[in-house]
Amino acid sequence: MKSGVPKGENCLVDMDSKAGDLFSAEPADAAGSGGVMGNLPPWLSALPHRLWLPKGLSATVAKEWFDRRRASIRPWAGFVDHRKFTKPRNFGELCQRVVRNFDTYNSNYIFIFLGLILYCIISSPMLLIALAVFVGAFYIIHLKSLESKLVVFGKEVTGPHQLSLAGAVSFPVFWLAGAGAAVFWVLGATMFVIGSHAAFRELEGGSEMEELFMEPV
């Protein structure tokens, strides 16, 4: 009676092909489409397909958003030109400046906000540790869910809930690191810096533009 189980070298060949299928089945389109992903090893190109990401979020989308924001940044020399800062004549002019400057310098303000976040994280080693714990917890939870269904309190932990579970695990570390105080510091510093700039920075076009907006209809 012939057995369906391969023997000898054929067994090794079959096992190798199975191992190759494990990593190459899902990312076949990405590897075959050329570009950066096509030049990566099969196991590395498979990694983004196996990691859970929020729907619609990817490195490409984030890079496109970042490039658009960077391209729309107003020159920093004009942004901080002290000759363009004057005291508003009245509350109406103040409101006009804030609204118009937020529309004109929104990309600059976003990068200031991101810079304050980065400064807060770098200047606080405990926050770095807390972030490392969060990322490590999420990675371990994700690996466990790939091996078998991860069930907590009788419910399966899906992709979106894995972030929540990782956050719950790392919450004590964030609390010890003073993450709440850091968040309030970043928000307060952002409101002060951006609000002051938007209120005291003259509108693009000088006083003529401000008088145009202040004319009664």
Side-chain angles (χ1 to χ4, degrees), residues 35-37 48 51 53-136 138 163 166-167 170-171 173-217:
V36 177
M37 295 299 293
L51 289 179
L53 290 173
K55 187 177 181 180
L57 180 62
S58 65
T60 303
V61 173
K63 185 178 183 301
E64 290 177 354
W65 176 87
F66 184 84
D67 291 339
R68 285 197 303 268
R69 287 297 177 182
R70 186 174 59 178
S72 61
I73 288 179
R74 293 302 182 99
W76 290 104
F79 181 81
V80 298
D81 187 359
H82 64 89
R83 296 171 296 181
K84 298 292 186 179
F85 288 86
T86 58
K87 181 181 178 181
R89 290 171 291 186
N90 50 54
F91 183 73
E93 183 179 352
L94 172 66
C95 294
Q96 288 289 349
R97 284 187 178 186
V98 170
V99 173
R100 294 286 299 176
N101 282 330
F102 266 105
D103 183 59
T104 303
Y105 298 106
N106 63 85
S107 294
N108 299 70
Y109 293 154
I110 288 176
F111 277 92
I112 289 176
F113 175 65
L114 295 177
L116 289 172
I117 293 177
L118 183 61
Y119 169 78
C120 185
I121 293 176
I122 293 177
S123 61
S124 177
M126 283 299 296
L127 276 179
L128 290 175
I129 295 175
L131 287 174
V133 171
F134 172 77
V135 173
F138 173 72
L163 284 175
S170 58
F171 175 78
V173 186
F174 277 103
W175 182 77
L176 291 174
V183 170
F184 282 109
W185 181 88
V186 170
L187 293 178
T190 301
M191 292 178 62
F192 175 78
V193 173
I194 295 178
S196 299
H197 182 276
F200 291 99
R201 177 63 164 80
E202 293 180 356
L203 299 180
E204 289 289 329
S207 58
E208 294 82 2
M209 183 66 68
E210 293 186 352
E211 292 176 359
L212 177 63
F213 279 104
M214 293 302 297
E215 283 184 359
V217 179

Is there a side chain to side chain contact (heavy atoms under 4.5 Å, CB included) between Lys63 and Thr60? Walk through the geometry before answering.
CA-CA 5 Å; Lys63 185 178 183 301; Thr60 303; 5.8 Å; no

Run the side chain to side chain contact (heavy atoms under 4.5 Å, CB included) test on Thr86 and Arg97 for me, step by step, so that the C-alpha distance in whole Å, both residues' side-chain angles and the decisive distance to 0.1 Å come before the verdict.
CA-CA 11 Å; Thr86 58; Arg97 284 187 178 186; 2.7 Å; yes

Given the rule in the side chain to side chain contact (heavy atoms under 4.5 Å, CB included) test, do Phe85 and Glu202 qualify, once you have shown the distances and angles that lead to the verdict?
CA-CA 6 Å; Phe85 288 86; Glu202 293 180 356; over 6 Å; no

Take Trp65 and Ile110, measure what side chain to side chain contact (heavy atoms under 4.5 Å, CB included) needs, and give me the verdict at the end.
CA-CA 12 Å; Trp65 176 87; Ile110 288 176; 3.9 Å; yes

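A salt bridge does not link Asp81 with Lys84: none of the charged nitrogens is closer than 4.0 Å to a carboxylate oxygen.
Between Leu131 and Phe174 there is a side-chain heavy-atom pair separated by less than 4.5 Å. At least one side-chain heavy atom of Ile129 sits less than 4.5 Å from a side-chain heavy atom of Met126. Looking at Arg201 and Tyr105, their side chains come closer than 4.5 Å, going by heavy atoms from C-beta outward.
In terms of heavy atoms, Ser124 sits closest to Ala177 at OG-O, 4.4 Å.
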Pair up each side-chain donor or acceptor in residues 180-198 with any protein partner under 3.5 Å, not counting sequence neighbours, and list the distances.
residue : atom : partner : partner atom : Å
Thr190  : OG1  : Val186  : O            : 2.7
Ser196  : OG   : Phe192  : O            : 2.6
His197  : ND1  : Tyr109  : OH           : 2.8
His197  : NE2  : Phe79   : O            : 2.7

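A 6.0 Å sphere centred on CZ of Phe102 holds more than 12 heavy atoms belonging to other residues, nucleotides or ligands. At most 12 non-hydrogen atoms from other residues, nucleotides or ligands lie less than 6.0 angstrom from CZ of Phe171.
Side-chain atoms of Glu93 come within 3.5 Å of backbone atoms of Arg89 as a donor-acceptor pair (strictly under, hydrogens ignored).
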